[in-house]
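Residue numbers start from 1 in every chain, and the chains themselves are labelled A, B, ... in the order their sequence lines are given, proteins ahead of strands.
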Number of protein chains: 2
Amino acid sequence: MFTGSNNVTMDSKGRLAIPAKIRDALADACGGRIVITAHTEDRCLLVYPEQEWAELQEKIAALPNMNPKARRIQRLVLGYATPLELDSNGRVLLPQTLRDYAQLEKKLILVGQNNKLELWSEALWNSWVDEDEPEGDIPDAVSALSL
Amino acid sequence: MFTGSNNVTMDSKGRLAIPAKIRDALADACGGRIVITAHTEDRCLLVYPEQEWAELQEKIAALPNMNPKARRIQRLVLGYATPLELDSNGRVLLPQTLRDYAQLEKKLILVGQNNKLELWSEALWNSWVDEDEPEGDIPDAVSALSL
DNA sequence: ACTAAAAACCACTAAAAACCACTTTTTTCC
DNA sequence: GGAAAAAAGTGGTTTTTAGTGGTTTTTAGT
């Protein structure tokens, strides 16, 4: 399980060093075989261990694709999904299209989210943290929460 | 299965180099024999392995063609469908009518969508990605999703 | 038969992948 | 607490492969 956040840096070739602790967790979870894709609701990337991804991929592929909302999710999630492996120094090379989608530059934040990780541009992460509370319905499960 | 997206360029003759990884996947799936046609809901092209296309073609042909929506789908999908082969350098030559339909210029994006690929003009892809969320019904299967 | 366009072929350039070396930080042992 | 060793992170170099552009040959149409 992944928790906690890390500052990471992307070099000029788009290589990203995975922090050693997360690297170990990934080695346990999936032998370092991961899939990175787009988040549909925010401009950030999702990092999945291979098996986690396989389950999600099936669910997404099964959505009714004449529905616009479902088609949007399919296009983005399947369309950006890229299997990646760590190089000999524990780095991954992020494809240009993923860098573009999440507006990644040098300074990034890698955020643990239990079964996956999120990868944000530091600037977008900070402005998301500063954002006002979202409007709209609050599900019962959220109202019932007690931190 | 096709996932992930690639920047590709079309040269002045309308030739399009298929990225090596996708080329390999296509070689497995269909020996490089593909069919390209129009997408009915967006101005982009669909790239199918031969067998996938054969199945789809039957379904489309079987639609009730007194219905306007069905007739539209038939005209576009069957009408633009073109079998193509890769040249010795792994490129396909896109017919002018397909280029026109999808407003393809030099810079394109090739997007994996599991059993097929989508080919977009980079400009149209970017404006689609930036578009607001679609209105309308959200299927239960979508609401229940958790990325 | 001649012209024009399209297909096949060939050569070069550029980008990606693998490799290697160095710097900095952390940990352990004295 | 300090020094040494190990691990982690960073950057650059080389090699290979993929992508790009141009040239020639064939085919088809007039």
S.K.: Rounded to whole Å, please give me the gap between CG in Leu84(B) and P in dA7(C).
M.R.: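 About 10 Å, once rounded to whole Å.
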S.K.: Given the structure, check if the side chain of Lys13(B) and the base of dT23(D) hold any donor-acceptor pair shorter than 3.5 Å.
M.R.: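 When only heavy-atom distances are counted, Lys13(B) does reach the base of dT23(D) through a donor-acceptor pair under 3.5 Å.
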S.K.: For the pair made of CG in Asn7(A) and P in dT25(C), what is the distance, rounded to whole Å?
M.R.: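 My rounded result for the distance is 14 Å.
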S.K.: If we count only N and O atoms by modelled type, under 3.5 Å, do the side chains of Gln74(A) and Asn114(B) hold a donor and an acceptor together?
M.R.: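 Gln74(A) vs Asn114(B): no donor-acceptor pair found between side chains.
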S.K.: Send over the distance from Leu26(A) CG to dA8(D) P, rounded to a whole Å.
M.R.: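 So the CG-P distance, Leu26(A) to dA8(D), works out to 14 Å.
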S.K.: Which part of the nucleic acid, if any, lies within contact of Asp87(A), taking any heavy atom under 4.0 Å across all strands shown: a base, the sugar-phosphate backbone alone, or nothing?
M.R.: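 Here Asp87(A) touches no strand at all.
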S.K.: Expressed as a whole number of angstroms, how long is the span from Asp24(A):CG to dA7(D):P?
M.R.: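 My rounded result for the distance is 12 Å.
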S.K.: So what does the secondary structure string of DNA chain D come out as, 5' to 3', with Watson-Crick or wobble pairs under 3.5 angstrom, [ ] for crossing and | for pairs with another strand?
M.R.: ||||||||||||||||||||||||||||||
S.K.: Does any N or O in the side chain of Asp87(A) come within less than 3.5 Å of the main-chain N or O of Asn89(A), such that one atom is a donor and the other an acceptor?
M.R.: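 Side chain of Asp87(A) to backbone of Asn89(A), a donor-acceptor pair under 3.5 Å: yes, one is there.
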S.K.: To the nearest Å, give me how far apart CE (Met10(A)) and C1' (dG11(D)) are.
M.R.: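 Nearest whole value for this atom pair: 15 Å.
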S.K.: For a quick check, tell me whether the side chain of Asp11(B) and the base of dG22(D) share a donor-acceptor pair closer than 3.5 Å.
M.R.: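 No.
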S.K.: Tell me: CG of Asn89(B) to P of dA18(D), nearest whole Å?
M.R.: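 Roughly 12 Å, once rounded to whole Å.
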S.K.: Any side-chain donor-acceptor pair under 3.5 Å between Arg99(A) and Gln96(A)?
M.R.: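 There is such a pair (donor and acceptor under 3.5 Å, judged by atom type) between the side chains of Arg99(A) and Gln96(A).
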S.K.: Examine dT20(D): is either OP1 or OP2 under 4.0 Å from a nitrogen or oxygen in the side chain of Thr9(B)? Give yes or no.
M.R.: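 Yes, because at least one side-chain N or O of Thr9(B) sits under 4.0 Å from OP1 or OP2 of dT20(D).
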S.K.: How are the rings of Tyr80(A) and Trp125(B) set relative to one another: parallel (under 30°), tilted (30 to 60°) or perpendicular (over 60°)?
M.R.: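 Tyr80(A) vs Trp125(B) ring planes: tilted.
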S.K.: Assess whether one donor atom and one acceptor atom, taken from the side chain of Arg23(A) and the base of dG9(D), lie less than 3.5 Å apart.
M.R.: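 No, no donor-acceptor pair under 3.5 Å.
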S.K.: For Arg72(A) and Val129(B), indicate whether the former's side chain and the latter's backbone hold a donor-acceptor pair under 3.5 Å.
M.R.: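 Looks like yes, one N/O pair under 3.5 Å.
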S.K.: Strictly below 4.0 Å: does Ser12(A) bring a side-chain N or O up to OP1 or OP2 of dG11(D)?
M.R.: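 Ser12(A) to dG11(D) OP1/OP2: no side-chain N or O under 4.0 Å.
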S.K.: Looking only at the side chain of Leu93(A) (C-beta and beyond, no hydrogens), which of the listed nucleotides dA17(C), dG9(D), dC19(C) gets closest?
M.R.: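 Among dA17(C), dG9(D), dC19(C), the one nearest the side chain of Leu93(A) is dA17(C).
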S.K.: Determine: side-chain N/O of Arg15(B) to OP1/OP2 of dA7(C), distance under 4.0 Å, yes or no.
M.R.: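 For Arg15(B), the contact criterion (side-chain N or O under 4.0 Å from OP1 or OP2 of dA7(C)) is not met.
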S.K.: Rounded to whole Å, please give me the gap between CG in Asn6(B) and P in dG19(D).
M.R.: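 Going from Asn6(B) (CG) to dG19(D) (P), I get 9 Å.
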S.K.: Quick check: does any side chain N or O of Asp42(B) sit under 3.5 Å from a backbone N or O of Cys44(B), one acting as donor and the other as acceptor?
M.R.: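 Such a contact is absent between Asp42(B) side chain and Cys44(B) backbone.
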S.K.: When you check the gap from the basic side-chain N to the acidic O, do Glu52(B) and Lys59(B) get nearer than 4.0 Å?
M.R.: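 No, this pair does not count.
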S.K.: To the nearest Å, how far apart are Arg91(A) CZ and dA17(C) C1'?
M.R.: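 Rounded to whole Å, this separation is 12 Å.
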S.K.: Taking any heavy-atom pair under 4.0 Å as a contact, classify Ile18(A): base, sugar-phosphate, or nothing.
M.R.: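 Ile18(A): backbone/sugar contact only, no base atoms under 4.0 Å.
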